[in-house]
Amino acid sequence: MTQRSPGLATHYLRYSSANVLVMLAGLVSFPILTRLLDNTQYGILGYYDTWLLMAVAVAKMGAQHSILRFYPHDGDAARMQRFSTNLFYLPLLLSLLLWVLAGGGIVAADWLTGRTQPAVFWMAMIMTPMLVYTSLVEAVLRITQRSRMVMVTRVAWRYMQLVFMLGAVIWVSHSADAAFAGKMIAAAAGMAFYVAWARGKLTFSRQELDLGEARQSLSYGLPLLATEMLAVALVSIDRLMLKGLSGDFAVVGIYGVGAALAMQVHMFMNLTVFEAFTPMANRAYTSEGGAEAVRALKRRMLMPMMYASVGVAMLLWCLGTDLIIALSGQGKAASGPVFATMGATNALLPVMLVCAFGLSLERRTKTIMGLMLGAVAINAALNWWWIPAFGVMGAAYATLVSSIASSTASCLLVDRSLRQFPDRRTVLTMIAAASAGIAGAWLTTRLDLRPGWQRMMLGGMMIGGPYLLTLLALDGRLRALLQPKLRALEQRAGEGLAG
């Protein structure tokens, strides 16, 4: 199934283009939903989104990680059928069994206690197996480096979700129930497309059932299942503890507005990088030279990644509140500091995660699980201490500290043969450029600019302009990297004008 694949830059461009388009859909839906849903309804939407994420993480049982790690790149037709039987369909069947048992248990418990679950809960339950299936198919597409197809399907699904969610909220009801109904319809459409694609490509055969291979997959994937659950908990625990400590969905809504926009940064800066990087790193480690090939791949990434991450983080830290005001109005300004803190954190983390990448290659999945468990424990402890002291910002500070602690520990624990940091020239150039950007931020504070669009646009130019110009002036490698792409764009523009 593996095809000849383009390079890392092409994959990154495709994934980043898809995520930009997905993020634009979020920028369309975000201001509309935050204006049409009050803080309570927005809090309910985020609350059940959290439980949906956790349910999907459990139901996948880490199968997507096993698909990425054990895919037979050079396998023949028989090996591919054995792979799809034992690493795709068997986990999917176990997931469906778990879902049936969980749903039956909830129905029985409600009948015995006389309770009734809300409609949004049952919609989340229905969506769970749909999202499990689409996630496993997408894992196959990613490891076979079909980034074009992933890009197209992801964008199409997100815009279907946008249309159905907003249509339901605008024309049916200004409620979380309506928003979730729209999400469910889009999820069903996405699953139907993937079912049609997988038919004939991922086949099941009872003769190919291999319990030993399935056990190996589970041994590798289950610790990563626990890690994924803990990662969802790390994202979710702030909302849950805010609700528990304050008893007010409105407080959860204030946090949720900032955290939701920060998640768009995570999608663009973190998920995009690892969607392009992880399949290539797995192939490099298994068939192209081992640890040294992985470090060479990291060296190619870290210079442009560090420059981009620091620049984005600086802009978000300084102007995050203005972006919230511009998108959602002055009434959501309280969410601005949450977004600034968490967005800047999400922009910087990919650099440390690439430096530390390698534990999964070494199959040290229990170590990865332990690191995530430590991050959740730190986050929960700091939330318990800081939410009463600092309110909503206490949860944001706890996320910042726990994320830094986890990524730093990863750098220390990964084998030295796989660890790779940015070179000294990149670090010194970044410091000089960041100093120029900070000077621009200071000048922005001296001007009498209106919060929102005006301060965001002018401030962005005064911070980002000096930062970028300093990088281009000091680092010829960056100029050499950008010049061919700029010439290609100029040539295409010229051909378009001539045509």
Side-chain angles (χ1 to χ4, degrees), residues 22-23 25-60 95-96 99-100 102-103 106-107 110 115-135 153-194 229 232-233 235-236 238-240 242-243 248-261 263-264 267 328 332 335:
V22 168
M23 187 167 61
L27 293 177
V28 171
S29 65
F30 180 80
I32 297 174
L33 289 176
T34 52
R35 291 173 188 270
L36 293 179
L37 302 179
D38 60 28
N39 281 338
T40 297
Q41 288 298 317
Y42 198 88
I44 292 171
L45 179 63
Y47 186 79
Y48 282 101
D49 259 335
T50 294
W51 286 110
L52 176 61
L53 287 173
M54 295 181 71
V56 172
V58 173
K60 286 188 293 187
S95 173
L96 285 172
W99 178 74
V100 169
I106 292 168
V107 170
D110 284 354
R115 297 180 57 190
T116 301
Q117 300 294 336
V120 66
F121 172 85
W122 290 114
M123 284 187 279
M125 279 290 295
I126 293 170
M127 287 175 63
T128 299
M130 300 179 188
L131 296 180
V132 169
Y133 182 84
T134 56
S135 176
T153 54
R154 183 175 295 170
V155 171
W157 177 79
R158 182 63 182 93
Y159 278 86
M160 278 195 298
Q161 185 185 73
L162 173 70
V163 170
F164 289 126
M165 281 185 69
L166 293 186
V169 171
I170 293 170
W171 286 298
V172 179
S173 171
H174 295 180
S175 67
D177 286 353
F180 243 92
K183 288 169 70 80
M184 184 174 65
I185 295 171
M191 187 189 72
F193 176 82
Y194 275 151
M229 290 177 60
V232 173
V235 173
S236 311
D238 299 323
R239 293 175 175 87
L240 300 177
L242 279 168
K243 173 61 171 64
D248 187 359
F249 268 121
V251 175
V252 181
I254 291 170
Y255 181 84
V257 169
L261 197 55
M263 186 57 66
Q264 302 298 317
M267 179 184 296
S328 299
K332 295 296 190 294
S335 301

(Q) I need the minimum non-hydrogen distance between Tyr194 and Tyr133, along with the two atoms involved. (A) O-OH, 3.7 Å
Q: For Trp51, look at atom CH2 and say whether over 12 heavy atoms of other residues, nucleotides or ligands are found less than 6.0 Å away.
A: no
(Q) I need the minimum non-hydrogen distance between Met127 and Leu52, along with the two atoms involved. (A) CE-CD2, 3.7 Å
Q. Shortest non-hydrogen contact from Val252 to Arg239?
A. CG2-O, 3.8 Å
Q | Trp99 side chain to Ala55 backbone, donor-acceptor under 3.5 Å | A | no
Q: Would you name the heavy atoms of Val132 and Ala59 that are closest together and state the gap between them?
A: CG2-CB, 3.5 Å
Q | Closest approach of Leu45 to Ala176 (non-hydrogen atoms, all atoms of both residues) | A | N-CB, 3.9 Å
Q. Going from CZ on Arg158 to CE on Met165, what distance comes out if it is rounded to the nearest 0.5 angstrom?
A. 7.0 Å
Q | Reported CZ-to-CD1 distance for the pair Phe180 and Ile185, which is rounded to 0.5 angstrom | A | 13.0 Å
**Q.** Thr134 OG1 to Trp157 CH2 distance, which is reported to the nearest 0.5 Å
**A.** 7.5 Å
Q. To the nearest 0.5 Å, what is the distance between OG1 (Thr116) and CH2 (Trp122)?
A. 10.0 Å
**Q.** Check: Ser95 side chain, Lys60 main-chain N or O, donor-acceptor pair, under 3.5 Å
**A.** no
Q) Under 3.5 Å, side chain of Gln161 to main-chain N/O of Lys183, donor-acceptor pair present? A) no
**Q.** Minimum heavy-atom distance between Ser175 and Leu37, given as atom pair plus value
**A.** N-CD2, 3.5 Å
Q | Interatomic distance, Asp238 atom CG to Tyr255 atom OH [nearest 0.5 angstrom] | A | 3.0 Å
Q) Quick one: CG on Leu166 to CG on Leu36, what's the gap to the nearest 0.5 Å? A) 8.0 Å
